[in-house]
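Proteins get letters first, then strands, A, B, ... in listed order; numbering begins at 1 in each. Since the model is a prediction, treat every value here as computed from it, not as a measurement. Only heavy atoms go into these numbers, but all of them, side chains included; no hydrogens, no water, no symmetry mates.
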Amino acid sequence: MTRHLITTAIDYVNASPHAGHALEKIQADVLSRYYRSLGDEVFFLTGTDENSLKNVQSAEKEGLPVKEFVERNAKQFMRLAQELNLSNDDFIRTTETRHTLGVQKLWQACLKDIYKKTYQGLYCVGCEEFYKEDELVNGLCPEHKTKPELISEEDYFFRLSKYQHTLSELISSNQLEIIPESRKNEVLNFINSGLEDICISRSTQRAHHWGIDVPNDSNQKVWVWFDALSNYITALGYATESEQFKKWWLTGEDLLHCIGKGISRFHAVYWPAMLLSAGLPLPKRIFVHGYLTVKGEKMAKSLGNIVDPFQLLDKYGSEVVRYFFIREFSATEDGNFSEERIQERYQSDLAEGLGNLLSRVLALGEKYHSPILLEKNELLDFRQKIEKQYQQKMQEFKFNEALASVWDLVNALNKYLTDKKPWKTITNNPKEFEEQLATLVLSLGKVALLIAPVMPETSEKILEALQLKNLTETNWHNLKVSLKTGIPLFPKL
RNA sequence: CGCGGGGUGGAGAAGCAGUAUCUCGUGGGGCCCAUAACCCCAAGACGCAGGUGCAAUUCCUGCCCCCGCAACCA
């Protein structure tokens, strides 16, 4: 694969971003940067979901016009992308014209599978939601403790049931790959237990006039599935069949969605079905990550345990936050967040591990008053072994283990220093000293390259300090570098 | 019989059939280039009960506990 479209889920803008949003964005960015580092082409897309009724409700609660409310919150998500130092190529907002037009076009492309039907359900006016009978508590809305009304409404439905067999085939055969395996099984279970058609519109009134009109029916608004999921193609220019859309979607080699475990069903079932109906290519891979928890519990407003990513970024900076989120958690499992762990990781891995190692190397280099010839690398075999592990782990979406491998190298270099004692060879045996330092510089340069997808700025700083910046790795050999001490990479807290 | 994830030293995590690993913390030693950093050694753990195997933390069964999700609420 040489051309990757990488997407994140688009976020609801009914509240400010939390740390969980940041986790997904960082993972997707790491993937994007990783593939670019291999020389592949990448289009990295992220954005916001602004048409949902939740936004209308939240806006009303704050007494703001919906448009203004959505605008304000969307800016927070854009700011988050910036502060996380994401390398996204675009940012789609579902209130943009390119999206609206694309959604309507997709709807029309699926017309043969869309029909009108009367839906009858128990509707709570307070929640503005339908409830199923067994969701009620003593026949009352669990939220408002009121009796829901039985109402009926004529809505549009999508013939999801028709695609049950095809979807099951595509997923079991990995033509549509779902990572990890456990999520794939979950989705297959769901599909094989029988798919029902889904409702894809709601009355304009119930939608509070917010959202995208169903083509040729202004009494109905497009409901979440067609609206939100389609962002992946509308952003690329589906509405106008742009060159970009052709390049990345129609003839894309890798279409990879990064999403949270809560929405795997929609991405692995509804979305491919819509695309099948419209005769468009399907995504190739869906990568499902876990959630951040706090003390073992889900992050939730009601529990008051929301972690604010902006605070973390202010305090620790994007490099450290990125490193922590990638190193600390297994990407596909839930991860228990705590700020103490950030500090522990910072202290041991970054300050006393990598940062101190660079200091040691630079200080020794500076003591040796002439440039060091990068000729010998005594740790070449080990370094290659590490790189192999790293590549494998990255391909398997085990980012934390990939970093662990890199730190095996960091630790080995610290040990190498302790064992070889270059501060002695510098006087006894200058030639040996130079070889030892060359080993260290070349290996540390490798470390810098390997961490680049996760910590792009740190990587640059290290390469610069080692005077290897802007050189391809193959040109490192037989280079002469003059090292100088600088400011610590990660000062102690 | 709804579905899924999980229970590993004091804390947080890896591992998932064959001397149980890492980070922090604790105790001891070494080094002295370095961000009082680095290196080495030590104490300390596989929820419970059965089963299969030469061998189980790892596979199977049952139980207990924790956490999510249960279909128009992404």
Discussion item. Counting the atoms with a prime plus P, OP1 and OP2 as sugar-phosphate, which does A:S330 contact under 4.0 Å by heavy atoms, base, sugar-phosphate, or nothing?
Written reply: sugar-phosphate
Item to complete: Evaluate whether atom NZ of A:K420 has more than 12 neighbouring non-hydrogen atoms of other residues, nucleotides or ligands under 6.0 angstrom away.
Response: no
Discussion item. Please classify B:G25 as syn or anti, treating any glycosidic angle within 90° of 0 as syn.
Written reply: anti
Worksheet item: What about the rings of A:F158 and A:Y115, do their centers lie closer together than 6.0 Å?
Response: no
Item to complete: Provide the distance between the two P atoms, one in B:U26 and one in B:C64, to the nearest whole Å.
Response: 40 Å
Tabulate protein N/O versus nucleotide N/O from nucleotides 31-35 of chain B, keeping only pairs under 3.5 Å, one per line.
unit_1	atom_1	unit_2	atom_2	d
B:C32	OP1	A:K424	NZ	3.1
B:C33	O3'	A:K367	NZ	3.1
B:C33	O2	A:R360	NE	3.1
B:C33	N3	A:R360	NE	3.2
B:C33	N3	A:R360	NH2	2.6
B:C33	N4	A:R360	NH2	2.9
B:A34	O2'	A:N356	OD1	2.5
B:A34	N3	A:N356	ND2	3.3
B:A34	N3	A:R360	NE	2.9
B:U35	O2	A:F490	O	3.2
B:U35	O2	A:K492	N	3.4
B:U35	N3	A:A351	O	3.4
B:U35	N3	A:F490	O	2.9
B:U35	O4	A:G355	O	3.0
B:U35	O4	A:N356	N	3.3
B:U35	O4	A:F490	N	3.4

Fill in: Spacing of the C1' atoms in B:A11 and B:A45 (rounded, Å)
12 Å
Discussion item. Heavy atoms only, 4.0 Å cut-off, all strands: where does A:G194 land among base, sugar-phosphate and nothing?
Written reply: base
Worksheet entry | Euclidean distance, atom CG of residue A:L409 to atom C1' of B:C22 [Å, nearest integer] | 16 Å
Item to complete: Considering only atom C1', compute the distance from B:C59 to B:C3 and round it to an integer number of Å.
Response: 22 Å
Worksheet item: Tell me: CG of A:L292 to C1' of B:A13, nearest whole Å?
Response: 15 Å
Worksheet item: For the pair made of CG in A:D419 and P in B:C38, what is the distance, rounded to whole Å?
Response: 15 Å
Worksheet entry | Watson-Crick or G-U wobble partner of B:U26, both distances under 3.5 Å | B:A42
Worksheet, complete the sentence: Closest to the 5' end of RNA chain B, once A:H267 and A:R345 are matched to their nearest nucleotides, is A:R345
Discussion item. Suppose you measure atom P in B:C22 against the same atom in B:C63; what distance do you get, rounded to whole Å?
Written reply: 37 Å
Practice prompt. Take atom C1' in B:A70 and the same atom in B:G10, then report the distance between them in whole Å.
Written response: 38 Å
Worksheet entry | salt bridge (Lys or Arg N to Asp or Glu O under 4.0 Å) between A:K117 and A:D197, worked out | CA-CA 11 Å; A:K117 188 177 97 177; A:D197 293 349; over 6 Å; no
Discussion item. With nearest nucleotide decided by heavy atoms, which residue, A:D49 or A:G353, maps closer to the 5′ end of RNA chain B?
Written reply: A:G353
Worksheet item: So what does A:Y12 touch, heavy atoms closer than 4.0 Å: a base, only the sugar-phosphate, or nothing?
Response: base
Discussion item. Tell me whether A:S218 contacts the main-chain N or O of A:V214 through its side chain, where contact means a donor paired with an acceptor under 3.5 Å.
Written reply: no
Discussion item. Would you measure the distance from the P atom in B:C46 across to the matching atom in B:A20 and give it in whole Å?
Written reply: 12 Å
Practice prompt. Name the pairing partner of B:C48, where a pair is Watson-Crick or G-U wobble with both distances under 3.5 Å, or state none.
Written response: B:G62
Fill in: A:F91 side chain reached by A:M78 side chain, heavy atoms, under 4.5 Å
yes
Worksheet item: For A:I171, does its backbone N or O pair with a side-chain atom of A:E177 as donor and acceptor, under 3.5 Å?
Response: no
Fill in: Length of the line joining A:N305:CG and B:G68:P, which is rounded to integer Å
10 Å
Worksheet item: Given the C1' atoms of B:C1 and B:U58, what is the spacing between them in whole Å?
Response: 28 Å
Worksheet item: Do A:I286 and A:I259 pass the side-chain contact (heavy atoms from CB on, under 4.5 Å) test, and can you show the C-alpha distance, the side-chain angles, and the key distance before you say yes or no?
Response: CA-CA 7 Å; A:I286 298 175; A:I259 58 167; 3.6 Å; yes
Item to complete: Have a look at A:F190 and say if it touches a base, only the backbone sugar-phosphate, or nothing, with a 4.0 Å heavy-atom cut-off.
Response: base
Worksheet item: Taking atom P in both B:U23 and B:C41, what distance in whole Å separates the two?
Response: 12 Å
Interface polar pairs with nucleotides 2-8 of chain B, N/O, under 3.5 angstrom:
unit_1	atom_1	unit_2	atom_2	d
B:G4	O2'	A:E186	OE2	2.8

Fill in: Watson-Crick or G-U wobble mate for B:G18, both contacts under 3.5 Å
B:C54
Worksheet item: Could you state the CG-P distance from A:N14 to B:C73, rounded to the nearest angstrom?
Response: 13 Å
Discussion item. Quick one, A:E457 with A:K461, criterion salt bridge (Lys or Arg N to Asp or Glu O under 4.0 Å). Give me CA distance, side-chain angles, the key distance, then yes/no.
Written reply: CA-CA 6 Å; A:E457 290 171 2; A:K461 280 187 197 166; 5.8 Å; no
Discussion item. Rounding to an integer number of Å, can you tell me how far A:W407 CH2 sits from B:A14 C1'?
Written reply: 17 Å
Worksheet item: Checking A:R265 against A:Y270: charged group under 6.0 Å from the ring centre and within 45 degrees of the axis?
Response: no
Worksheet item: Is the backbone of A:L379 close enough, under 3.5 Å, to the side chain of A:T439 for a donor and an acceptor to pair up by distance?
Response: no
Worksheet item: Given atom OH of A:Y346 and atom P of B:C24, what is their separation to the nearest angstrom?
Response: 15 Å
Discussion item. A:T425 and side-chain hydrogen bond (donor to acceptor under 3.5 Å, both in side chains): which single residue from A:Q436, A:E434, A:K431, A:E435 fits?
Written reply: A:Q436
Worksheet entry | Separation of B:U21 P from A:E401 CD (nearest whole Å) | 17 Å
